[in-house]
Amino acid sequence: MNKAFHIMATVTIMLSLFSLVTQSTAEEPPATQGSFKASAERGKMIFDTVCSHCHNATYEESRIGAPGLRGVLERHDVNWLNHWIKSPETFAKTDKTAQALIESNPFGLTMPTLPIVQDEHNRADIIEFLKTLK
Ligand code: HEC
């Protein structure tokens with residue numbers, strides 16, 4: 001094993017430990033925490049990579065019946081969004097709005113629970129980005 005591999009492995013382990021430590025059950029993801037500050041730019045990168053497969057960043061519903069996310073903060077508050085984005089299915093078990101939203105999809109499609117947003121900082125970044133879609 002070479003040195004570069006060791007460094008990579010160490011960094012990977014440290015990063016996963018870090019994300020374990022930073023995952024909490026807070027109602028709202030932290031806009032700031034230690035050196036972390038929620039960033040709409042990082043949020044946009046996640047949106048473009050993951051969310052945009054199903055969602056438009058406009059008012060327009062997508063072809064698969066996912067709501068356009070422009071103006072979404074007028075429909076839901078940050079707390080609601082944090083729960084929904086983390087796991088729509090889990091949230092729908094206790095939240096009537098989430099349940100109704102899932103049932104409203106014309107194709108019977110449900111937004112999946114996505115690995116990238118299990119990290120609360122990533123959720124904070126995405127929500128920061130959603131705030132810019134006014
Ligand atoms: C595989 C498709 C898919 C992906 C990927 C996806 N969504 Fe969704 N999303 C949906 C669908 C479909 C709905 C409508 C509710 C339902 O049927 O589950 C929805 C609903 C939502 C809503 C509620 C919108 C409203 O107007 O009430 C938000 C917010 C949302 N998604 C955010 C995101 C974010 C942020 C990401 C990326 C991290 C994402 N979604 C990724 C399919 C997807």
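If you're wondering where the values come from, they're calculated on a predicted model, not measured in any experiment. Order of listing sets the numbers, starting from 1, for every ligand and every atom in it.
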Visitor: Report yes if the side chains of Lys86 and Val117 come closer than 4.5 Å at any heavy-atom pair, otherwise no.
Guide: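 Sidechains of Val117 and Lys86: no contact.
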Visitor: Linking I/L/V/M/F/W/Y whenever any side-chain heavy atoms sit under 4.5 Å apart, do Ile116 and Ile85 land together?
Guide: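 Cluster IDs for Ile116 and Ile85 match.
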Visitor: Would you please name every residue forming a side-chain contact (heavy atoms from CB on, under 4.5 Å) with Asn105, sequence neighbours left out?
Guide: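 side-chain contact (heavy atoms from CB on, under 4.5 Å) list for Asn105, sorted by chain: Phe107, Leu109.
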Visitor: Name each N or O atom in ligand 1 that is under 3.5 Å from a protein N or O, and give the partner atom and the distance.
Guide:
residue	atom	partner	partner atom	Å
ligand 1	7 (N)	His55	NE2	2.9
ligand 1	9 (N)	His55	NE2	2.7
ligand 1	17 (O)	Leu109	O	2.8
ligand 1	18 (O)	Met111	N	2.9
ligand 1	26 (O)	Arg75	NE	2.8
ligand 1	26 (O)	Arg75	NH2	2.9
ligand 1	27 (O)	His76	NE2	2.5
ligand 1	31 (N)	His55	NE2	2.8
ligand 1	31 (N)	Trp84	NE1	3.3
ligand 1	40 (N)	His55	NE2	2.9

Visitor: Can you find a pair of side-chain heavy atoms, one from Pro30 and one from Glu120, that are under 4.5 Å apart?
Guide: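 The answer is yes; the side chains approach within 4.5 Å.
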Visitor: Side chain to side chain donor-acceptor pair (under 3.5 Å): which pairs involve residues 51-70, sequence neighbours left out?
Guide: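 For residues 51-70, and leaving out neighbouring residues, there are no side chain to side chain donor-acceptor pair (under 3.5 Å) pairs at all.
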Visitor: Show me the donor-acceptor pairs, under 3.5 Å and distance only, between side chains in residues 126-134 and residues at least two apart or in other chains.
Guide:
residue	atom	partner	partner atom	Å
Glu128	OE1	Lys131	NZ	3.4
Thr132	OG1	Phe129	O	2.5

